[in-house]
There are 2 protein chains.
Amino acid sequence: MKKITIGEASRQSGVKVPTIRYYEGIGLLSAPSRSEGNQRSYEPADISRLVFIRHARELGFEVDAIRTLLMLQDDPNQSCASADAIAKARLIDVEQRIRSLMALKVELEAMVAGCGHGRVDQCRVIEVLADHGQCAHSHH
Amino acid sequence: MKKITIGEASRQSGVKVPTIRYYEGIGLLSAPSRSEGNQRSYEPADISRLVFIRHARELGFEVDAIRTLLMLQDDPNQSCASADAIAKARLIDVEQRIRSLMALKVELEAMVAGCGHGRVDQCRVIEVLADHGQCAHSHH
DNA sequence: CCTTGCACCTCTAGTCGCTAGAGGATGTAG
DNA sequence: CTACATCCTCTAGCGACTAGAGGTGCAAGG
């Protein structure tokens, strides 16, 4: 069998070397076999798992959620209700985040547009930050 | 002069008590005078500063950026170019984040919509995560 | 065979922006 | 005077890594 070093695994999966070791440490990835000289030796399945993890992380899933998703993946006879629930929760979170970032964008645009590029005492950026009442947000 | 306790400062500014102490520790807020019994005693100006900080944090500015903004605020004769640059950088960052969250939303929606609520081996949520090629993202 | 030099190993500590808790002192209302 | 809330300092923890020290393994060139 072909031995995949951690560096190679990193290149193939897009997960950084220390991050792979970290994932092993927190139990997201099971410890691989070792070479004579105690070096980690991965198999193709481990690469897939790392790709799975990386993709899930890119989508903003937390490590705990990924742990659940991986358990589901390992047991394909289970109902996918949990996976669905996790994805739905994540979707709601993302939608919420988009909403607040949009509000934020509006406010930042007003700040930047209002800046006359003069002295600080006329600067809207500082002014808006100092006086919450002037801005688009309502008082949380 | 009226003495404002840390709890009162917290209520007035919306910044939690331990967070106020934390801000003092990292030098964002200068150490206030103390009462006979060694308790912090704030002035109205400190409350304004806390509101400024809170608002900036809500807008997602990093503590380092806020430090700069506060220095600018303290010296109103300076050009507001730095404040402007900080706000613009933040705006670009926010716009970038909105873009990636939108892409993410599309992908999550596809995952959730494709889930037939059956067994895991037919679940698109798991499938999409396992096979990056199927999803909307290009390989970074 | 030996050296060079990169990739690997473990371990600890640092990042950011807080938050939680222990264990004790102070201030205030009844 | 006694409860009780609030304050104090200090340390440790969170998530998800990242950086660095100090040492070992391994493949290729001379």
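Per chain, numbering begins at 1; letters A, B, ... match sequence-line order.
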task = Using a 4.0 Å heavy-atom cut-off across all strands, classify A/Arg21 as base, sugar-phosphate, or nothing.
result = base
Here the distance between atom P of D/dA5 and atom CD of B/Glu8, to the nearest Å, is 18 Å
query: Is the side chain of B/Arg49 donor-acceptor paired with the backbone N or O of B/Leu29 at a distance under 3.5 Å, no angle test?
result: no
With a 4.0 Å cut-off, would you call A/Arg11 and A/Glu8 a salt bridge? yes
Please confirm whether the shortest side-chain N or O distance from A/Lys16 to OP1 or OP2 of D/dC17 is below 4.0 Å. no
On DNA chain D, more 5' by nearest nucleotide between B/Arg34 and A/Gly37 is B/Arg34
Winner on side-chain proximity to A/Arg40, out of C/dT19, C/dC9, D/dC7, is C/dC9
Review point. Can you check whether A/Ser35 has a side-chain N or O nearer than 4.0 Å to OP1 or OP2 of D/dG25?
Key: no
Closest to the side chain of A/Lys3, out of D/dA16, C/dC8, D/dA27, is D/dA27
Take A/Arg67 and A/Leu28, measure what side-chain contact (heavy atoms from CB on, under 4.5 Å) needs, and give me the verdict at the end.
CA-CA 6 Å; A/Arg67 215 185 296 272; A/Leu28 257 197; 4.1 Å; yes
In whole angstroms, the gap separating C1' of C/dG17 from CD of B/Glu58 amounts to 15 Å
To the nearest angstrom, the CD-P distance between B/Gln39 and C/dT28 comes to 8 Å
Q: Taking only the side-chain nitrogens and oxygens of A/Arg67, find out if one of them lies under 4.0 Å from OP1 or OP2 of D/dG15.
A: no
Under 4.0 angstrom, heavy atoms only, what part of the nucleic acid is A/Phe61 near: base, sugar-phosphate, or nothing?
nothing
Among the nucleotides C/dT19, D/dC17, C/dG17, whichever has the atom closest to the side chain of A/Arg57 is D/dC17
Ranking B/Asn38 and B/Asp64 by the position along DNA chain C of their nearest nucleotide, the one closer to 5' is B/Asp64
Taken to the nearest whole Å, OH/A/Tyr23 to P/D/dC17 is 4 Å
- Quick one: is B/Thr5 getting a side-chain N or O under 4.0 Å of the D/dA5 phosphate, OP1 or OP2? no
A/Ile4 CD1 to C/dA7 C1', in whole Å, measures 16 Å
- prompt: Between the side chain of A/Arg57 and the main-chain N/O of A/Phe61, is any donor-acceptor distance below 3.5 Å?
  reply: yes
On DNA chain D, more 5' by nearest nucleotide between A/Tyr22 and A/Glu36 is A/Tyr22
Rounded to whole Å, CD1 of B/Ile20 lies from P of D/dT6 at a distance of 14 Å
note: B/Leu28, atom CG; C/dC16, atom P; distance rounded to Å ~ 13 Å
* **Salt-bridge criterion met for B/Arg99 and B/Glu95 (N-O under 4.0 Å)** => no
Separation of C/dT19 atom C1' from B/Ile26 atom CD1, nearest Å, is 14 Å
